[in-house]
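So you know, we letter chains A, B, ... as the sequences are listed, proteins then strands, and number each from 1.
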There are 2 protein chains.
Amino acid sequence: MQTIAPELAELAALIADPGRAGILSRLMDGRAQTASELALVAGVTPQTASWHLSKLVERALLKVERRGPRRLYRLATPLVAQMLEGMMTVAAIDPHPARPPPRIDAEMRRARTCYDHLAGELGVAVADAMRERGHLHLDQEAGELTASGRALLGDLGIDLRAPARGRRLLCRPCLDWSERRPHLAGRAGAAVADLALQRDWIRRRPQGRSVEITEAGLAAFRDLFGARI
Amino acid sequence: MQTIAPELAELAALIADPGRAGILSRLMDGRAQTASELALVAGVTPQTASWHLSKLVERALLKVERRGPRRLYRLATPLVAQMLEGMMTVAAIDPHPARPPPRIDAEMRRARTCYDHLAGELGVAVADAMRERGHLHLDQEAGELTASGRALLGDLGIDLRAPARGRRLLCRPCLDWSERRPHLAGRAGAAVADLALQRDWIRRRPQGRSVEITEAGLAAFRDLFGARI
DNA sequence: GTAACGCTTCGATCATGATCGAAATGTTCA
DNA sequence: TGAACATTTCGATCATGATCGAAGCGTTAC
């Protein structure tokens with residue numbers, strides 16, 4: 001019986017190196033990074049990072065684009081991010097409740113981007129608040145934006161009409177690996193994150209995927225969404 | 001910056017062995033298997049399989065239950081199956097269109113179970129047909145059963161009310177790794193697969209996850225669902 | 001109790017691949 | 001053209017973990 005198992009193992013082996021896992025994790029915000037930056041994240045020399053990166057590109061998990069003497073790496077497709085989300089969700093499950101739980105950086109747990117939408121306490125709080133106010137149905141497996149939810153986002157200036165190309169779904173749950181509860185993903189989730197960045201509610205920290213919530217953002221998330229953060 | 005990356009790598013390393021990948025893949029139909037059977041699937045001796053299995057159980061990807069002198073292994077949670085689905089989807093992407101595409105067993109491609117629902121050509125055909133007849137909206141990221149879809153399944157004797165415990169969603173897309181298109185998962189998908197097994201539309205093959213479509217099944221899927229298979 | 005069977009543990013061997021220093025390549029800018 | 005810089009390639013070393021034979025453990029059946 002021939003199955004996909006060998007390809008599955010090959011794929012997993014690619015993620016099984018701590019350096020490469022760090023690189024992939026770092027790229028989950030969807031932005032591109034230089035090889036040097038990724039070497040730093042992985043904690044290896046540029047030569048070693050280069051070797052890792054070439055393997056990831058060869059297997060089509062990353063794509064690379066040359067910008068002058070630098071090379072910018074990013075996730076090849078959203079499918080890869082979705083896969084990593086799923087793996088992180090399982091990775092966050094502590095198999096031995098006895099041993100100390102995986103220490104997650106406080107800033108990452110507080111607020112971060114997950115590919116293109118909000119995650120961490122902030123992401124879950126926004127999703128919870130929208131759910132409580134009847135804007136949203138969100139389950140571990142699927143999500144739906146209600147009429148009032150569409151109205152809320154519309155009032156904020158978010159255009160929810162589908163783009164001509166790409167049939168990406170409006171509303172999708174994404175299981176938060178630090179909170180272990182779903183937050184808002186899909187087009188709607190990306191739109192909210194975009195809005196928050198544009199209005200300076202959140203700011204990307206220079207390093208990593210965590211974001212800083214501004215004073216204005218704290219007020220906005222509380223007042224406009226009713227989030228308890 | 002402390003992230004989940006080390007745990008991600010550790011998890012991936014567990015799947016990175018061809019034997020363990022085969023074992024996990026074999027268990028994706030949700031049924032339990034003995035250690036001996038899994039050793040066969042993995043293509044290793046019972047000792048080696050035992051070592052692999054203990055690692056998988058220790059990391060809480062599998063759970064084990066003793067039945068007399070045998071030990072039965074199964075996936076620990078549906079979350080693990082969902083993660084594997086996502087990985088298989090990426091694993092099925094051929095990074096080098098030049099080199100021969102991963103040879104997938106014809107029976108597996110034709111019809112199989114994916115954890116608890118239908119997959120392969122059959123699964124995709126049923127989902128497509130339901131979509132064409134307006135029973136279903138199904139996208140790569142989310143799914144929704146229409147009123148007519150609920151009626152169809154209701155007429156077939158499927159009770160779609162949620163069980164008291166567990167808030168599993170009714171309708172969910174699952175990206176088919178052999179067809180690269182979504183098929184029907186979630187409670188509705190599981191119910192359809194259950195029905196098909198009960199009415200002898202499909203029969204599990206003794207080995208592996210592929211299923212045989214009976215004559216009656218062929219007629220039923222064509223007549224009742226409008227599937228082109 | 002004892003034999004049969006399924007499975008696991010132990011120990012030794014062996015192969016794979018991650019790593020970095022050194023050197024080469026390639027790109028931009030002056 | 002040459003200098004500066006980012007990145008890659010090459011080569012050698014080293015650590016990890018997959019493997020199986022042999023032996024041990026536990027359960028069931030007679």
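At whole-Å resolution of the value, NZ in A:Lys55 and C1' in C:dG17 are 7 Å apart. In this structure, the CG atom of B:Leu56 is 10 Å from the P atom of D:dA18, given to the nearest Å. Taking atom CG of residue B:Leu72 and atom P of nucleotide C:dG6, one finds them 13 Å apart after rounding to whole Å. Separating the CD atom of B:Glu10 from the C1' atom of D:dG17 is a distance of 14 Å, rounded to the nearest angstrom. Computed from coordinates, the B:His52 NE2 to D:dA18 P distance equals 6 Å when rounded to whole Å. If you take CZ of A:Arg59 and P of C:dG17, they are 15 Å apart, rounded to a whole angstrom. Protein atom CD of A:Glu65 is 15 Å distant from nucleotide atom P of C:dT27, rounded to whole Å. The separation between A:Leu14 atom CG and C:dA18 atom C1' is 13 Å, rounded to whole Å.
Applying the side-chain hydrogen bond (donor to acceptor under 3.5 Å, both in side chains) rule to B:Arg112 yields the partners B:Asp176, B:Ser178; only residues at least two apart in sequence or on another chain are considered. Here A:Arg31 pairs with A:Asp29 under the side-chain hydrogen bond (donor to acceptor under 3.5 Å, both in side chains) rule; sequence neighbours left out. Under the side chain to side chain contact (heavy atoms under 4.5 Å, CB included) criterion, A:Glu212 pairs with A:Arg203, A:Arg205, not counting sequence neighbours. Listed by chain and residue number, B:Arg110 satisfy the side-chain hydrogen bond (donor to acceptor under 3.5 Å, both in side chains) test with B:Glu121 (two or more places apart in sequence, or in another chain). Considering only residues two or more places apart in sequence or on other chains, B:His52 meets the ring pair (Phe, Tyr, Trp, His ring centres under 6.0 Å) condition with none of them. In terms of the side-chain hydrogen bond (donor to acceptor under 3.5 Å, both in side chains) criterion, B:Asp194 has no residue partners (sequence neighbours excluded).
Looking at heavy atoms from C-beta onward, A:Pro173 lies out of side-chain contact with A:His183 at the 4.5 angstrom threshold.
The listed nucleotides are D:dT28, C:dT28, C:dC20; the one nearest the side chain of A:Thr45 is C:dC20. Looking at the side chain of A:Arg70, the nearest of the listed nucleotides C:dG21, D:dA6, C:dG6 is D:dA6.
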Could I get a table of every N or O pair under 3.5 Å where one atom is in the protein and the other is in nucleotides 8-11 of chain C?
residue, atom, partner, partner atom, Å
C:dT8, OP1, B:Tyr73, OH, 2.6
C:dT8, OP2, B:Ser50, OG, 2.8
C:dT8, O5', B:Ser50, OG, 3.0

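Take the nearest nucleotide of DNA chain C for A:Arg66 and for A:Gly43: the residue whose nucleotide is more 5' is A:Gly43.
Note: A:Trp201 and A:Phe221 have perpendicular aromatic rings, judged against thresholds of 30 and 60 degrees for the angle between ring planes.
The stretch residues 15-23 of chain B touches DNA chain D through B:Asp17, B:Arg20, each having a heavy atom under 4.0 angstrom from the strand.
Pairs engaging residues 14-23 of chain A under the salt bridge (charged side-chain N to carboxylate O under 4.0 Å, His left out) rule: none recorded [sequence neighbours left out].
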